[in-house]
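A quick write-up on the structure given underneath.
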Amino acid sequence: MTRGVENLEIAKLLDELADLLEIQGANPFRVRAYRNAAETVKASSRSLADLVEEGTDLTALQGVGKDLAHQLEGLIRTGTLERLEEVSREVPRSLATLTRLEGVGPKKARKLWDELGVTDLDELEEAAEAGRLEGIDGFGKKSQEKILRAITDLRQVTGRFKISEVERLTSGLVDHVREAPGVERLERVGSFRRRRETVGDVDLLVQLAPGGDGRSVVDHFASFPGAERVEARGGTKGSLVLRSGLQVDLRVIPPESWGAALHYFSGSKDHNVRVRQLAQRKGLRVNEWGVFRVTELAEDAGDEGADGVADAPNAGTRDFGERVGGATEEDVFASVGLPWIPPELRENRGEIEAGLEGRLPELVRLEDIRGDLQMHSTWSDGENSLEEMALACRDRGYEYMAITDHSPSLAMVQGLTAEKARRQWREIEEVRQRVEGLHLYRSMEVDILRDGTLDMDDEVLREMDLVLISVHSFMDLDRTEMTERVLRAMEHPLVDILGHPTGRIIGKRKSFELDVEAVLQRARELHVAVELNASPNRLDLNDVHVRRARELGVQVVISTDAHRTRGLDDMHFGVAQARRGWLEARDVLNTRSRSEFEIWLKRRETATREAGA
DNA sequence: GCCGTTTTCGGCCCGACTGTTTTCAGTCG
């Protein structure tokens with residue numbers, strides 16, 4: 001169990017190298033190759049360091065050839081990416097950060113460096129404030145101001161917003177745009193539609209009614225009172241920044257192009273590239289306006305655009321050739337031989353191949369969920385009583401629920417002592433009598449203590465219907481110690497579910513050091529389920545780990561960890577994350593009926609006895 | 001730098017908008 005270089009670190013270095021190569025003016029396809037490899041590494045459910053240790057040939061990975069495999073092995077062995085060291089001797093590494101500024105790409109970064117000697121944000125800010133940018137070819141007063149704003153933005157905004165925040169921040173704007181004349185349909189697309197855990201900016205798609213005027217829709221959009229500023233406003237596209245710093249782009253789409261645009265702007269970029277490649281092989285062109293058969297004539301028109309010769313002012317009316325689809329997403333996919341692929345899967349993580357081979361998963365849906373297995377009440381740090389939580393669960397159509405108040409080591413939330421737990425069970429019994437049509441399980445979120453023992457006596461645990469364990473303290477242990485701690489806790493024969501396994505709080509706290517692969521392997525052997533915590537602040541496990549759990553055959557529990565009745569509504573965030581991890585209903589323990597769920601609880605006991613744990 | 005129903009070379013996805021360019025490059029998604 002070595003502590004190797006993490007996949008995310010590897011991906012970051014590859015991306016940085018791509019940035020620097022781009023600034024250097026390297027072959028753009030070579031740059032693309034590094035970026036593709038970075039994506040592959042990010043999406044890999046296995047640690048590359050582990051793969052290397054096992055002797056796996058890295059060229060088996062998509063987009064990794066002989067050269068990159070060699071470089072990656074070097075990186076894992078020595079901790080440095082040799083090629084990056086080489087390139088950064090010629091181009092300062094800090095230049096890469098300049099391209100993170102809105103409106104600054106590799107060419108401009110290069111120019112700023114060449115002309116002004118600027119290498120980082122501070123120097124750029126100084127130069128811009130002194131008015132030294134105006135003099136450079138291709139820069140003017142406006143770009144100078146824009147760069148100053150972009151520097152401020154970059155420093156203020158952490159970059160990405162939680163999906164729950166985006167939902168809240170854009171609801172007013174969505175209502176506003178719906179009121180514009182000529183708006184037939186409206187959809188938030190991009191990473192929001194793919195239900196990523198965080199969203200960088202939001203794409204709003206509007207279907208224009210026949211005879212509607214795109215420009216007036218964009219103008220109405222731009223007049224939104226909550227806008228901090230309007231960045232762009234044209235005939236088919238507008239862009240603004242909300243006061244929260246969230247950027248929203250609007251695209252106006254004619255009805256015949258709705259499906260093509262929906263697909264195009266939902267992305268991901270990598271997924272779209274694959275779809276267009278498939279199209280190309282069939283002699284088709286897929287763009288945001290539709291699917292077209294490529295003819296001599298249309299190709300000429302395309303070349304003209306590329307040569308920059310007198311473009312038609314409104315691309316929406318351009319002739320791309322014979323239209324063969326694009327009104328619905330289904331016909332875009334069908335045109336390249338694919339079934340409709342749910343947005344959550346569109347990350348180029350195998351969904352294209354699965355679609356072509358007819359083995360896409362039938363993803364779990366919110367309606368499949370039969371119960372919620374982590375929530376808190378006024379018995380510890382929750383805001384609502386047992387009965388209020390029970391009624392709220394029944395309102396959501398559940399068959400069962402588990403009350404999982406904290407164990408005593410969490411002193412600040414007044415966790416349940418053994419004695420307090422027994423009193424709680426009496427109240428549970430009373431609520432069972434009063435609330436019909438829903439079963440309450442006795443449970444507890446038991447702390448995993450520093451040494452991997454549990455924060456509750458076996459005698460008490462034995463009387464519970466199910467036991468959930470999780471880490472809330474000593475989160476800075478090293479990887480070996482933390483992993484051993486969690487494994488030891490899971491091996492306790494009364495444990496059923498491992499809660500929020502990596503402990504991360506999105507945007508606030510990184511995961512603690514943990515060998516998730518080892519934990520999932522052991523979970524399978526012990527028949528312990530792992531939680532996908534549905535709180536939009538956690539979403540723990542993440543999509544990649546969830547998918548790995550499925551590959552290994554580990555049961556996943558989607559729980560809200562609600563601390564008030566409203567928190568129970570977070571379930572849909574968890575289901576979305578589960579879908580991003582390719583889970584089907586049968587992979588999710590709490591889609592089972594009450595009786596099937598209770599059979600699982602017993603099977604766990606049997607398996608543990610047989611394993612001799 | 002990768003890759004192969006265009007297979008070891010020659011391709012590699014595509015269009016809109018901005019700003020400063022008087023004919024288009026750069027950036028973004």
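Within every chain, numbering begins at 1; the chains are lettered A, B, ... in the order of the sequence lines, protein sequences first and strands thereafter. Since the structure is predicted, the reported quantities are computational estimates derived from the model, not experimental observations. Because only heavy atoms are used, hydrogens play no part in the values below, and waters and symmetry mates are left out as well, while side chains stay in.
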Sugar-phosphate only, base, or nothing, as touched by A:Y264 at under 4.0 Å among non-hydrogen atoms: base
Touch class at under 4.0 angstrom, heavy-atom based, for A:V31 against every strand present: nothing
Sugar-phosphate only, base, or nothing, as touched by A:V64 at under 4.0 Å among non-hydrogen atoms: sugar-phosphate
Pairs flagged by salt bridge (charged side-chain N to carboxylate O under 4.0 Å, His left out) wherever residues 60-76 of chain A is involved - sequence neighbours left out: A:D67-A:R83
Which nucleotide in B:dT20, B:dC3, B:dG29 has an atom nearest any side-chain atom of A:Q62: B:dC3
Closest listed nucleotide, where the reference is the side chain of A:N287 and the choices are B:dG29, B:dC14, B:dG1: B:dC14
Touch class at under 4.0 angstrom, heavy-atom based, for A:K141 against every strand present: sugar-phosphate
Whether A:H176 and A:H220 hold their rings parallel, tilted or perpendicular, with breakpoints at 30° and 60°: parallel
Identified side chain to side chain contact (heavy atoms under 4.5 Å, CB included) counterpart of A:L98 within the set A:L121, A:T119, A:D19: A:L121
Sugar-phosphate, base or nothing in reach of A:K269, heavy atoms under 4.0 Å: base
Per-nucleotide protein contact string for nucleotides 5-12 of chain B, where B marks a base within reach and S marks sugar-phosphate only (heavy atoms under 4.0 Å, - for neither): -S-----B
Side-chain donor-acceptor contact under 3.5 Å, A:D219 with A:S216: no
First encountered from the 5' end of DNA chain B, between A:F265 and A:G238: A:G238
Out of B:dG26, B:dG29, B:dG1, whichever nucleotide has its closest atom nearest the side chain of A:D201: B:dG29
A:R233 vs B:dT18: side-chain N/O to OP1/OP2 distance below 4.0 Å: no
Donor + acceptor pair across side chains of A:N7, A:K42 (<3.5 Å): no
Sugar-phosphate only, base, or nothing, as touched by A:P28 at under 4.0 Å among non-hydrogen atoms: nothing
Closest to the A:D249 side chain, choosing from B:dG29, B:dC17, B:dT27: B:dG29
Of A:L284 and A:G103, the one whose closest DNA chain B nucleotide lies more 5': A:L284
Options B:dG29, B:dT18, B:dG1, nucleotide nearest the side-chain atoms of A:A232: B:dT18
Of the listed nucleotides B:dG1, B:dT27, B:dG29, the one nearest the side chain of A:A33: B:dG1
